[in-house]
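Reckoned from all heavy atoms, side chains included, excluding hydrogens, waters and symmetry mates.
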2 protein chains.
Amino acid sequence: MWMAQRKISNTLALAVLGLLREQPMHPYEMAATLRERHKDSSFKVNSGSLYDTVEALVRHGWIEPVETARDGRRPERTVYATTELGQGEFVRWIDELLRMPVAEYPKFRAAVSYLGALGPDRAAEALVERAGHLAQRIEETNTVLADTVGSGKVPRLFMIETECALHAWEAELAWTRRTIAEIRDGSLFWPKVEQTEQGWTWSAPTSPEGTTR
Amino acid sequence: MWMAQRKISNTLALAVLGLLREQPMHPYEMAATLRERHKDSSFKVNSGSLYDTVEALVRHGWIEPVETARDGRRPERTVYATTELGQGEFVRWIDELLRMPVAEYPKFRAAVSYLGALGPDRAAEALVERAGHLAQRIEETNTVLADTVGSGKVPRLFMIETECALHAWEAELAWTRRTIAEIRDGSLFWPKVEQTEQGWTWSAPTSPEGTTR
DNA sequence: CCCCTAATAGTAGGAACCGACTATACGGTA
DNA sequence: TACCGTATAGTCGGTTCCTACTATTAGGGG
């Protein structure tokens with residue numbers, strides 16, 4: 001009926017193209033390399049998806065098989081390399097992803113949409129737990145950065161997405177903590193919702209700026 | 001081969017459960033209501049997915065059809081309502097999503113991973129464009145907040161996820177601007193990668209703290 | 001030297017997801 | 001009044017994605 005509305009959308013393909021810029025590889029090796037370099041926190045590396053993605057890239061002519069070897073009686077490995085076309089698209093794709101922010105739908109924001117459903121106490125409690133996990137993740141990531149970039153093993157530019165993630169998590173942590181505080185001191189007013197014949201109404205805050213002050 | 005490893009995962013189901021807490025509805029009305037309330041920036045409202053999701057919720061017994069009406073010769077509408085079970089799961093699900101941060105893979109971070117591939121000038125240029133779009137989106141969102149919560153039409157708690165998103169975008173904008181500055185003043189060193197017989201090497205920065213100072 | 005686990009490499013089947021499409025009704029307008 | 005665009009309500013079919021599974025080999029402890 002029609003075709004290929006907009007290239008390949010899974011960013012795992014971006015990772016594949018990036019790796020094949022360095023040297024030809026077989027898919028399993030790609031997955032292993034991505035994990036080694038901690039790129040698996042930026043790309044969802046899933047063996048099933050990986051093989052599908054590689055096939056899609058071949059269909060589009062962005063990469064091509066260069067060799068199928070077999071080591072003993074292990075499964076046959078197909079080694080792929082990029083094409084000129086693939087390298088061009090790689091750069092164009094990165095450029096486009098950087099330039100245009102696209103709508104994303106993080107699970108956390110979905111849950112925050114219905115924060116009200118938990119009631120103030122349970123909501124605050126849940127956010128406290130999240131804050132703890134976030135703080136821990138931030139600390140772990142700082143450790144990773146320290147013994148890769150920090151110790152000069154890897155140039156900073158090669159781990160720049162980790163700094164980006166760190167910044168995002170720190171912001172989320174800050175928002176979470178601020179919101180906990182606002183729930184606790186009552187400055188985030190928690191309306192009581194009631195159904196009347198006219199529809200839904202909610203109680204208004206008793207004073208203009210929050211209840212307590 | 002087996003079943004239901006982990007309840008329903010699409011957060012659109014959360015939105016459905018949230019809406020049905022207020023009153024029974026048919027799917028089309030859910031979509032319309034979500035858009036009216038600006039919840040479509042937290043949930044990906046797609047008619048295809050919506051009907052699939054509703055069916056899945058029925059299969060799990062979280063919601064149930066209560067009526068199938070027909071208005072003239074328009075398509076038949078099936079109206080759904082939540083069940084006790086559904087309401088319980090709704091709250092438990094929100095609680096879980098809030099407590100445990102899960103790995104997400106935003107497209108931007110994937111692209112940032114390969115920022116190096118663009119070269120410093122093009123990378124900076126792309127980030128500048130993104131910063132512009134982000135600033136605009138932030139402004140628009142502020143406008144939306146102003147004439148919903150700001151004018152007292154809607155309690156702040158009901159739009160809290162918008163504040164959350166705003167905070168995240170502001171952080172991303174800040175990181176983007178800082179990174180642009182670092183690229184421009186040379187403090188984000190851009191190594192030149194070369195392939196030798198030993199593998200890959202990259203030029204080290206000429207002075208301990210960045211090249212220029 | 002044998003067993004067990006981890007690593008190696010990939011396959012297969014189904015669920016989830018999404019975009020395009022269908023079909024009717026309604027309101028304005030030329 | 002004939003036409004056109006938009007709102008209503010939902011269906012359909014294919015791609016994408018992912019979970020579980022298969023099969024082999026290397027390595028290490030007992």
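Every residue meeting the side-chain contact (heavy atoms from CB on, under 4.5 Å) condition with A:Ala13, not counting sequence neighbours, appears here in chain and number order: A:Ile8, A:Thr53, A:Leu57, A:Trp93. Partners of A:Arg59 by salt bridge (Lys or Arg N to Asp or Glu O under 4.0 Å), not counting sequence neighbours: none found. In this view, B:Lys39 and B:Glu161 satisfy the salt bridge (Lys or Arg N to Asp or Glu O under 4.0 Å) rule, not counting sequence neighbours.
The CZ atom of B:Arg77 sits 17 Å away from the P atom of C:dT24 (whole-angstrom rounding). For the pair B:Tyr51 OH and C:dA20 C1', the interatomic distance rounds to 15 Å; values are reported in whole Å. If you measure from atom CZ of A:Phe43 to atom P of D:dC18, you get 14 Å, rounded to the nearest angstrom. B:Met25 has its CE atom 16 Å from the C1' atom of D:dT8, to the nearest Å. Whole-Å rounding puts the A:Leu50 CG to C:dA12 P distance at 16 Å. Between A:Tyr105 atom OH and C:dC17 atom P the separation is 13 Å, expressed in whole Å.
Inter-axis angle, ends of the helix from C:dC1-D:dG30 to C:dA30-D:dT1, five pairs per end, rounded to 10 degrees: 10°.
Near DNA chain C, defined here as any heavy-atom distance below 4.0 Å, there are no residues from residues 29-37 of chain A.
Judged by distance alone, the side chain of B:Thr11 and the main-chain N or O of B:Leu14 form no donor-acceptor pair under 3.5 Å. Under the 3.5 Å distance criterion, the side-chain polar atoms of A:Thr68 are left unmatched by any main-chain donor or acceptor of A:Thr78.
Residue pairs meeting the side-chain hydrogen bond (donor to acceptor under 3.5 Å, both in side chains) criterion with at least one partner in residues 108-128 of chain A, sequence neighbours excluded, are A:Arg122-B:Asp95. Residue pairs satisfying the salt bridge (Lys or Arg N to Asp or Glu O under 4.0 Å) criterion with at least one member in residues 83-94 of chain B, sequence neighbours excluded, are listed as follows: B:Glu89-B:Arg92. Within the structure, the salt bridge (Lys or Arg N to Asp or Glu O under 4.0 Å) test picks out the following pairs touching residues 141-159 of chain B (sequence neighbours left out): A:Glu182-B:Arg156, B:Arg156-B:Glu163. Pairs of residues two or more places apart, or lying in two chains, that qualify as side-chain hydrogen bond (donor to acceptor under 3.5 Å, both in side chains) and include a residue from residues 128-137 of chain A are A:Glu129-A:His133, A:Glu129-B:Arg99, A:Arg130-A:Glu172, A:Gln136-A:Glu140. Among residue pairs with one or both ends in residues 28-38 of chain A, those qualifying as side-chain hydrogen bond (donor to acceptor under 3.5 Å, both in side chains) are A:Glu22-A:Arg37; sequence neighbours excluded. Among pairs with a residue in residues 144-166 of chain A, those fulfilling ring-ring contact (aromatic ring centres under 6.0 Å, His included) read A:Phe158-B:Trp202, at least two apart in sequence or across chains.
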Under 3.5 Å, which protein N or O atoms sit close to an N or O of nucleotides 15-17 of chain D? Give each pair with its distance.
residue, atom, partner, partner atom, Å
D:dC17, OP2, A:Asn10, ND2, 3.1

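Taking only side-chain nitrogens and oxygens, B:Tyr28 never comes nearer than 4.0 Å to OP1 or OP2 of D:dG10. Remark: A:His26 is in phosphate contact with C:dG10, judged by side-chain N or O atoms under 4.0 Å from OP1 or OP2.
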